[in-house]
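Following: one structure in structure tokens, then a few remarks.
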Amino acid sequence: MEITVKNGGPLLEYLYSSLAPQSRTSIKSLLTRSRISVNGQVTTAFDYMLKPGDRIDVNSNRKATFEDRNLKIVYEDKWLIVADKRNGLPTISTGRENEVTAYSVLFAYMESKVENGRIFIVHRLDRDTSGLLVFAKDEQTKLMLQENWNQNVVERKYIGVCEGNFTHKQGRIVSWLKENPKSLKMSSSPVDNGGLRAVTHYHVLEQRKGLSLLEIELETGRKNQIRVQLASEGHPIAGDKKYGAHVNPFGRLALHAATLSFRHPHTGKVLTFTSPMPFHL
């Protein structure tokens, strides 16, 4: 990594600002391990005085490549990662020993890339749902995204295949969702039962052979929201045995997080990502 100095000052302080969100401890370690050079000369002096135009070279000697058959990085900057996960990969551990998750894969990647590198979960997808996920590289970014999630998210769309044909080509489902603490299964009520209010919009794209291809947009984000609400309408997601599906034409849960558009918490720029549909009618 090469940095051109814009404003002079002590080397360590300049590295703190230039290499954020990398921890101060790991940045100091780069200096003490002779991984920093200025204008071609290695230096370990924290108080080395930089001048505008100086060239800093950072050699962390760390693997920075990423390759995983179940997870693809579609965007990365110094604050966050957007990944596209395959179905069957959980976002975070369910408690099983040595379980491979999207979180564990990206945590290992960050450790290989930056000393003391970390990763933080911003939101989740069900194990059997594929598609786009956002992770933060520092806690501040995570909180900035989570605390203003509904305001930051511009668009969040899923593609799903449901059982049965719809009378109306588009609709809005409003219900209250509660989780059974024993079965961990969600239930949907059309009236307020003390659960969490959930709102889902859908648009029928195609209907064939007793199945319907939907574009689904979330107004809220609750656990299993799309699955339980569509099942309660008599249209379970194909392959979703948990919520009453009778057919499994694709050998998987037919639900995919296809579009995600959100406002970057630091730059304010709207980022838009799409992931191709992995199943077709």
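- Considering only residues two or more places apart in sequence or on other chains, A108 meets the side-chain contact (heavy atoms from CB on, under 4.5 Å) condition with none of them.
- Evaluation of the ring pair (Phe, Tyr, Trp, His ring centres under 6.0 Å) rule for F279 yields F250 as partners, not counting sequence neighbours.
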(message) What verdict does the salt bridge (Lys or Arg N to Asp or Glu O under 4.0 Å) test give for R252 and D128, after you've listed the backbone C-alpha separation in whole Å, the side-chain angles of each residue and the deciding distance to 0.1 Å?
(response) CA-CA 7 Å; R252 56 158 292 177; D128 294 318; over 6 Å; no
(request) Walk me through it: do R118 and E111 pass the test salt bridge (Lys or Arg N to Asp or Glu O under 4.0 Å)? (result) CA-CA 7 Å; R118 300 180 68 189; E111 280 197 319; over 6 Å; no
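- Of the residues T220, I173, L196, D126, the one that meets the side-chain contact (heavy atoms from CB on, under 4.5 Å) test with Q225 is T220.
- With sequence neighbours excluded, the residues satisfying ring pair (Phe, Tyr, Trp, His ring centres under 6.0 Å) with Y103 are F107.
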(message) Go through it in stages, so that I can follow the logic: the residues are E99 and R127, the test is salt bridge (Lys or Arg N to Asp or Glu O under 4.0 Å), and I'd like the CA-CA distance, side-chain angles, deciding distance and then a yes or no.
(response) CA-CA 12 Å; E99 185 174 22; R127 174 194 292 270; 2.7 Å; yes
(message) side chain to side chain donor-acceptor pair (under 3.5 Å) for S212 and Q207? Distances and angles first, verdict last.
(response) CA-CA 4 Å; S212 297; Q207 297 191 135; 2.9 Å; yes
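- The side chain to side chain donor-acceptor pair (under 3.5 Å) search around R222 returns none, not counting sequence neighbours.
- Side-chain contact of S175 with Q229: a donor-acceptor pair under 3.5 Å is present, judged by distance alone.
- The list of side-chain hydrogen bond (donor to acceptor under 3.5 Å, both in side chains) pairs with a residue in residues 45-55, not counting sequence neighbours, reads N39-D54, R55-D57.
- For K78, the NZ atom is densely surrounded, since the number of other residues' heavy atoms within 6.0 Å is greater than 12.
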(request) Start with the C-alpha distance between D68 and Y109, add both sets of side-chain angles, then the distance that settles side chain to side chain donor-acceptor pair (under 3.5 Å), and finish with yes or no. (result) CA-CA 10 Å; D68 189 273; Y109 165 65; over 6 Å; no
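- Side-chain atoms of H123 and W149, non-hydrogen and from C-beta on, do get closer than 4.5 Å to each other.
- Evaluated for a side-chain contact (heavy atoms from CB on, under 4.5 Å) with N152, the options R263, M144, E147 yield exactly one hit, R263.
- The side-chain contact (heavy atoms from CB on, under 4.5 Å) test applied to L271 returns Y75, F262, H264, K269, F273, not counting sequence neighbours.
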(message) Assess the residue pair D84 and K72 against the criterion (salt bridge (Lys or Arg N to Asp or Glu O under 4.0 Å)); give the C-alpha distance rounded to whole Å, side-chain angles, the decisive distance to 0.1 Å, and a yes or no.
(response) CA-CA 5 Å; D84 189 352; K72 177 183 177 184; over 6 Å; no
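- Taking the six-membered ring wherever Trp is involved, the centroid distance between the rings of H235 and F166 falls below 6.0 Å.
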(message) With side chain to side chain donor-acceptor pair (under 3.5 Å) as the criterion, how do H266 and T141 come out once you've worked through the C-alpha distance, each side chain's angles and the decisive distance to 0.1 Å?
(response) CA-CA 8 Å; H266 292 281; T141 300; 2.8 Å; yes
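- Residue H280 places its NE2 atom among more than 12 non-hydrogen atoms of other residues, nucleotides or ligands, all under 6.0 Å distant.
- Checking side-chain atoms of K223 against main-chain N and O of M186 turns up no donor-acceptor pair under 3.5 Å.
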